[in-house]
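Shown next, in structure tokens, is the structure this report addresses.
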Amino acid sequence: PTVPRAGSTLLGYIGIDTIIEQMRKKTMKAGFDFNIMIVGHSGLGKSTLVNTLFKSQVSRWSSGWGGEHKIPKTVEIKAVSHVIEEGGVKMKLTVIDTPGFGDQINNENCWDPISKYINEQYEKFLKEEVNIARKKRIPDTRVHCCLYFISPTGHSLRQLDIEFMKHLSRVVNIIPVIAKSDTMTPDEKNEFKHRVRKELETHGIEYYPQNEFDDDMEDKNENDKIREAMPFAVVGSDKEFQVNGKRVLGRKTAWGVVEVENPNHCEFALLRDFLIRSHLQDLKEVTHNIHYETYRARRLNDNGGLHPISANNTQESNL
Amino acid sequence: MIERPESTVASIAQRNLEGYVGFANLPNQVYRKSVKRGFEFTLMVVGESGLGKSTLINSLFLTDLYSKDYPGPSLRIKKTVQVEQSKVLVKEGGVQLTLTIVDTPGFGDAVDNSNCWQPVINFIDSKCEDFLNAESRVNRRLMPDNRVHCCLYFIAPSGHGLKPLDIEFMKRLHDKVNVIPLIAKADTLTPEECQLFKKQIMKEIQEHKIRIYEFPDTEDDEDSKLIRKIKERMPLAVVGSNVVIEVNGKKVRGRQYPWGVAEVENGEHCDFTVLRNMLIRTHMQDLKDVTNNVHYENYRSKKLAAVTCNGGVDTSKTKNQMTRSPLAQMEEERREHVMKMKKMETEMEQVFEMKVKEKKQKLKDSEAELERRHEQMKKNLEVQYKELEEKRRHHEEEKSNWEAQQRILEQQKLDASKTMEKNKKKGKIF
């Protein structure tokens, strides 16, 4: 293969750099999908956090807090989609909730329905891809990111947390967050985070951003900094209060107001910037290039190298 | 089931005294005697790890029962539920209190928590059993009361409602011990969330017919107002801390956050003071009484009824047997038990004998084996020796042959030299 010659200087302005502008226009017209799954046992503020992240009522409980939250007997998967728009960019956001996870007395294998759902989405995408007449834009329902909520016990990870993350970190991007972090004082928070990180390391759980997928030094440095700060200790709220003349999102207690976007109070701002403002596209890419490809390779190998659809066709023709 | 005893109205006439008799001093005598004896109280704390149980105990009793080097039980991930006791002697104003804290590390922490309440139930029953045995003994001098007087159940502050585990546990324990549900780490909730959460919990408790500890009604107006206030605030939302922080010049115990200080002893911040007053300052004796009169009696009647039912197969007689002499029944059981033990002892002796015989036989066999081998080896050695002897003889023969040949050769040489000399002489003469 011929290697392109590097660095020939241009003798005038051609206009190649406008390709970025062209891409931008196309993306804005097309819009894009983002699927986020939230996992954690009930009462950890998952729905509130998602609402806070996307600054709108996108979770299941869009009607607010007062609703009856009955704990289901088995883990259910509930996906709710909304289209949100900002600065001319349209995003179809799907929030996949998992009520019933970790709530029963016996939680053995409660991650199975979740694992099945994720694989089903990969299967759907694979089927579309393998079709003879393909759609122009395959609807992407694959789970791009899984926010796993850790209970702020202050001690260490629970057995269930470790089991879940072990089973699913190879299938989907997991971002662990410490929920309801206004339970802990700053010292307790740091200690807890340190312990959790150590435990994740001991059990070999690779959370996003994974070490192995860093492209170059720049990426690695950036991601290293983020990895050191993870898991983010967050607080969610969709109510506003007046603090020092400003209106802020927060939680009002008898001894003060917890400001959600104040970096001294909690790391919500860090999580939001990381998740939405810098790594959103990367999450999608890792899901497509790595997790999905792994699934695809496994499926094709299981079928003996044949495409699943063509395998069916040959069977039919033999009949 | 024994209900709380209603106060029976005495039909004895009241008389006025004509002078000072002095039995008004009776309470003081009782008081002095109890103070000398000292008090005992056993408190059990149950809840998932990380809910602040140890911190709360430290805050309640203002000691470091669980110090920095002993947060052990909470930090170790347990595979099964353990029940651990720790005793502390607390002295205040001349009154001694032997406080026993029973902790249950590992409760609700595993992936599969079915029957995680069983060790707890077993523990409570075993303490009641100890007391029952001590009560039925002939010599009842020292009867320590180790029964669990109160069980503080910690509910995680999810803000939604009770978890299935909470409901199961409380359902199984509400008729064995005084259950007081608490909302742990209450500084997670805002006041409105706390109110809603409490209402939700009380609703669910009533739905599932869970009987938590109820405060006794008193005739005193003051007290009943207080009690009603406490009842409204159930379940109590608590925060624990022993760290002293300065707020507005005052030193208070609390938790320091970047946005403020959550004070432990501030009634508007949490219900810790209510819990402490209720548990220690006003209702400790009542908790012990209810344990003794209600829970223990339930256990006792169930246990003794089971004993008599097992002893008498004839159901028509069981009622009579129950009232007749449960003690005699226990004697009977004890005798049976002793006989069973004797039988087991003889059986074990027999087994032991048999085993000894076997071992002896084995030893004999191995000894015989060794003997045989020894013989074998000796024989081998002899054979080898004989062979060697053969070889030596052979060698000797060869040697003597060779020597004989040498001699012959020597002789020949001599002869040859002699003849040569002869020839030489002959030659010379010529």
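The chains referred to below are lettered A, B, ... by the order of the sequence lines, with proteins before strands, and numbering in each begins at 1. Since we're looking at a predicted model, the values are computed, not measured.
Nearest heavy atoms, B:W259 versus A:V257: CB-O, 3.2 Å. Of all non-hydrogen atoms in A:T153 and B:K185, the two that sit nearest each other are O-NZ, 3.0 Å. The nearest pair of heavy atoms linking B:V261 to A:W255 is O-CB, 3.1 Å. Here the shortest heavy-atom pairing between A:K180 and B:P157 reads NZ-O, 3.2 Å. The minimum heavy-atom distance between A:Q159 and B:D109, with the atom names listed, is CB-O, 3.9 Å.
To the nearest 0.5 Å, atoms CD1 (A:I105) and CD1 (B:I167) are separated by 8.5 Å. A distance of 11.0 Å separates CD in A:Q104 from CG in B:N113, rounded to the nearest 0.5 Å. To the nearest 0.5 Å, atom NE2 of residue A:H41 and atom OG of residue B:S158 are 9.0 Å apart. Here the OG-NE2 distance, from B:S54 to A:H155, works out to 6.0 Å after rounding to the nearest 0.5 Å.
When each of A:K189, A:E163, A:K252 is checked for heavy-atom pairs under 4.5 Å with chain B, A:K252 comes out on top. Note on A:T253, A:V258, A:D187, A:L160: by heavy-atom pairs under 4.5 Å with chain B, the leading option is A:V258. Chain A forms the most heavy-atom pairs under 4.5 Å with one residue out of B:T188, B:D187, B:L51, B:D112, and that residue is B:D112.
For the pair A:R158/B:E48, a side-chain contact is recorded, criterion being any heavy-atom separation below 4.5 Å from C-beta on. Taking 4.5 Å as the limit, some side-chain heavy atom of A:E188 sits within range of a side-chain heavy atom of B:R255.
Heavy-atom distances place both the backbone and the side chain of A:E108 under 4.5 Å from chain B. Looking at B:V111, the atoms closer than 4.5 Å to chain A (heavy atoms on both sides) sit in the backbone and in the side chain alike. Looking at B:E268, only its backbone comes within 4.5 Å of chain A, counting heavy atoms on both sides.
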* Going through the checks in order, is the side-chain contact (heavy atoms from CB on, under 4.5 Å) test met by A:R251 and B:T190? -> CA-CA 7 Å; A:R251 289 168 61 71; B:T190 64; 3.7 Å; yes
* To do: Could you walk me through whether B:Y257 and A:D182 pass side-chain contact (heavy atoms from CB on, under 4.5 Å), step by step?
  => CA-CA 8 Å; B:Y257 292 108; A:D182 54 345; 5.6 Å; no
